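These notes are about the structure you will find just below.
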Amino acid sequence: MQTALARGRQWQMMLESGKFKNLREIAADEKVDPGYVSRMMNMNLLCPELVRRILDDDLESDFSFNEIYRDIPALWEDQFKKFKVPMNA
């Protein structure tokens, strides 16, 4: 998941900088499927505390990337509930 976070962030910065106009351009440049780029970009929707815990390898809950990138709740509290991660670590 750390790699997914890094790729998603890198690609987000590429979009914001204007290097690419959309996810399809990133996918073409990286020679990957646009759906893959989209899944990695979804990691940018995670709340900062979950990102920190993933990067620090400090999660008390066990979930996989396939469980996390789909339907990420907009509210941070709901993200903790969905992934069954305690809010206080």
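Computed from a predicted model, the values in this text were never measured in an experiment.
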Task: Point-to-point distance, once rounded to the nearest 0.5 Å, from CG of Asn44 to CD1 of Ile72 - done: 9.0 Å

Open item on the list: Within this structure, what is the CG-CG distance for the pair Leu55 and Leu5, rounded to the nearest 0.5 Å?
Closed with: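 One finds 5.5 Å between CG of Leu55 and CG of Leu5.
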
Quiz: residues 14-26 side-chain donor-acceptor pairs under 3.5 angstrom, not counting sequence neighbours:
unit_1, atom_1, unit_2, atom_2, d
Glu16, OE2, Gln12, NE2, 3.1
Ser17, OG, Met13, O, 3.3
Ser17, OG, Met14, O, 2.9
Ser17, OG, Lys19, N, 3.3
Asn22, OD1, Arg24, N, 3.1
Asn22, OD1, Glu25, N, 2.9
Glu25, OE1, Lys21, N, 2.8

Task: side-chain contact (heavy atoms from CB on, under 4.5 Å) involving Asp57 - partner list, sequence neighbours excluded - done: Gln2

Open item on the list: Give me the atom names and distance for the closest heavy-atom approach of Val85 to Arg53.
Closed with: CG1-NH1, 3.0 Å

Task: Heavy-atom closest contact (Cys47 atom, Gln79 atom, distance) - done: N-OE1, 2.8 Å

- [ ] State plainly whether one hydrophobic cluster holds both Trp76 and Phe83, where clusters connect Ile, Leu, Val, Met, Phe, Trp and Tyr through side-chain heavy atoms under 4.5 angstrom apart.
- [x] no

Task: All pairs passing salt bridge (Lys or Arg N to Asp or Glu O under 4.0 Å) where residues 71-81 contributes a residue, at least two apart - done: Glu77-Lys81

Please tabulate, for the side chains in residues 27-42, all donor-acceptor contacts under 3.5 angstrom to protein atoms that are two or more places apart in sequence or on a different chain.
unit_1, atom_1, unit_2, atom_2, d
Asp33, OD2, Gly35, N, 2.7
Tyr36, OH, Arg7, NH1, 2.3
Arg39, NH1, Gly35, O, 3.4
Asn42, ND2, Tyr69, O, 3.1

